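All values reported here derive from a predicted model rather than from experimental measurement. Letters go in sequence order (proteins before strands), and every chain restarts at 1.
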2 protein chains.
Amino acid sequence: MIRPKTIREVVYEQLKNNILAGVYRPGERLIETNLAQDLEVSRTPIRDALNKLESEGLVETLPHRRIFVTKLSRKNILDFYQTRAVMEGLAAKLAAENATEEELADFHSFLNEMEVVFEKEKELTNYKVIAEINNEFHSKIYYISKNEVLRKMLESLQNPITLIRSTAWTKNSTRKYSTLNEHRLIASAILQRDGTTAQKKAEEHIFNAWKAADQALEDENASG
Amino acid sequence: MIRPKTIREVVYEQLKNNILAGVYRPGERLIETNLAQDLEVSRTPIRDALNKLESEGLVETLPHRRIFVTKLSRKNILDFYQTRAVMEGLAAKLAAENATEEELADFHSFLNEMEVVFEKEKELTNYKVIAEINNEFHSKIYYISKNEVLRKMLESLQNPITLIRSTAWTKNSTRKYSTLNEHRLIASAILQRDGTTAQKKAEEHIFNAWKAADQALEDENASG
DNA sequence: ATACGGAATACTGTATACAAAAAGAATTTT
DNA sequence: AAAATTCTTTTTGTATACAGTATTCCGTAT
């Protein structure tokens, strides 16, 4: 049974995609009326969508003031990753402790798939495929952790982080390889139900991701 | 220079207060039209406020379906505290590491104030005063941690937790005393710039708060 | 009686008109 | 010419009317 999507939902997804894909760049101004004209809807669903995006940290605004796509500072970015690190650590730990046997079996076969994809995409040119399977890896952990609150918060952190990555980090093969390795370490700890190690490896993984993102942004600023 | 508040801001605060104070009970249905009439405004700012409250987890709704004040399950509550624990831990650790000398001095004198308040309110009957100063204690830590992302997320977690406390936990003197003691332990670690201990003590503190809340809710269900 | 189906109704979603505030342009003042 | 001040324009905030969907109520059939 499918439910027809409301206009605001469609608008929300479109705007979000445009922001995350860099169509609307960080710092760019958004005007309700223009967006409404472009998407051929009234301002009402546009405003609803923008409100939601604001609470997710993708746009910024003050009452009666203009609306801008969020532009994150280097400190902001560190803050995001730092926060995400402890949350991913908790998720990994809970996953190791709370997964059912079925879920672990499932997770195991997903890992095999992942290996196959990486094997096939040896050149790692297909950034989108890699990014997708990496996101799926993390999502699986959130779900088997059985903590809904944590899952939702981590999912909402995903947006700003995608925003960061869309600006920097187009192709950094070294990082892609180490990501795969780090995922292996986390997964192995979860499968062995070793919560402590899973937590530690997950935290380290996010820390490394931060270092890579930070480095990429620095390089970009230095060259651009 | 003060800015006149927009209607939606006022409405948001009113609805939020009513939810957190238990005027609108968990599970209760909210009707836009009625709220608009009660507050003597149009539906527009009501809808804006409800959308915001939804993204903060205080109300729940599906498209074209009714709106309800969030009713948290026991598992939800555990999830909230579990998540908050690691985040408070991180905040305490960062506070110990990143506070300036001035901030530490400030924090120290706040602690003295806190002791005075508790001394004066020996009977601990004035629940509101105690709750306020406890919240302030945590807020101070968020600020001196220097991590804005973490602070905002912790602040948004505060709402559902207040919701939990408003239903259970009216007066539990034992818990109030141990809260003071636990706060002392966290503070002392921060003042000594011992990040590891601060983190550990903060995590334990939230875990204990969860145990108390969970117990109170169980008792309430058993009796009520 | 109970289950099903179809109006009636109650509420949320959307469009649009109008109000108010902020940003920008033009004008005056120094 | 620079700064301050008014006024114009642009843009967001709010009210309201209308559209569309879910829920309720009632009648009918089994």
Colleague: So, is B:Arg65 close to the D:dT23 phosphate, meaning a side-chain N or O under 4.0 Å from OP1 or OP2?
Modeller: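 Checking D:dT23 against B:Arg65, a side-chain N or O does come within under 4.0 Å of OP1 or OP2.
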Colleague: Judged by atom type as modelled, is there a donor-acceptor pair below 3.5 Å linking the side chain of A:Thr83 to the main-chain atoms of B:Val149?
Modeller: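 Checked: no pair found.
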Colleague: Between B:Arg66 and D:dT23, is there a contact of a side-chain N or O with OP1 or OP2 at under 4.0 Å?
Modeller: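 Answer is no, no contact under 4.0 Å.
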Colleague: Rounded to whole Å, how long is the line connecting atom CD1 of B:Ile46 with atom C1' of D:dT16?
Modeller: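 Rounding to the nearest Å, CD1 of B:Ile46 and C1' of D:dT16 are 15 Å apart.
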Colleague: Should A:Arg43 be listed as having a side-chain N or O under 4.0 Å from OP1 or OP2 of C:dT14?
Modeller: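 Result: no.
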Colleague: Of the options D:dA15, C:dA21, C:dG13, whose atoms approach the side-chain atoms of A:His64 most closely?
Modeller: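 Within the option list, the nearest is C:dA21.
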Colleague: Using only side-chain N and O atoms of A:Arg8, determine if any of them is under 4.0 Å from OP1 or OP2 of C:dG13.
Modeller: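 Checking A:Arg8 against C:dG13: at least one side-chain N or O falls below 4.0 Å of OP1 or OP2.
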Colleague: Pick base, sugar-phosphate or nothing for A:Leu30, based on heavy-atom distances below 4.0 Å to the nucleic acid.
Modeller: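 Sugar-phosphate: the residue A:Leu30, judged by heavy atoms under 4.0 Å, touches backbone atoms but no base.
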Colleague: Report the distance from atom CD of B:Glu9 to atom C1' of D:dG13, rounded to the nearest whole Å.
Modeller: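 After rounding, the gap between these two atoms is 11 Å.
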Colleague: How many angstroms lie between OG1 in B:Thr100 and CD1 in B:Ile144, if you round to the nearest 0.5 Å?
Modeller: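 Spacing of OG1 (B:Thr100) from CD1 (B:Ile144) equals 8.0 Å.
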Colleague: Between A:Ile7 and B:Asn34, which is nearer to the 5' end of DNA chain C once each is assigned its nearest nucleotide?
Modeller: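 Comparing both residues, the 5'-ward one is B:Asn34.
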Colleague: Take the protein atom CD1 of A:Ile67 and the nucleotide atom C1' of C:dA21, then report the distance between them rounded to whole Å.
Modeller: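 It works out to 14 Å between those atoms.
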Colleague: Compute whether any side-chain donor of one residue and acceptor of the other, for B:His138 and B:Glu88, lie under 3.5 angstrom apart.
Modeller: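 Judged by distance alone, the side chains do pair up.
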Colleague: For D:dA15, does OP1 or OP2 lie under 4.0 Å from any side-chain N or O of B:Ser42?
Modeller: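 Result: yes.
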Colleague: Can you see whether B:Asn112 engages B:Ser109 through a side-chain donor-acceptor pair at a distance of less than 3.5 angstrom?
Modeller: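 No donor-acceptor contact under 3.5 Å links the two side chains.
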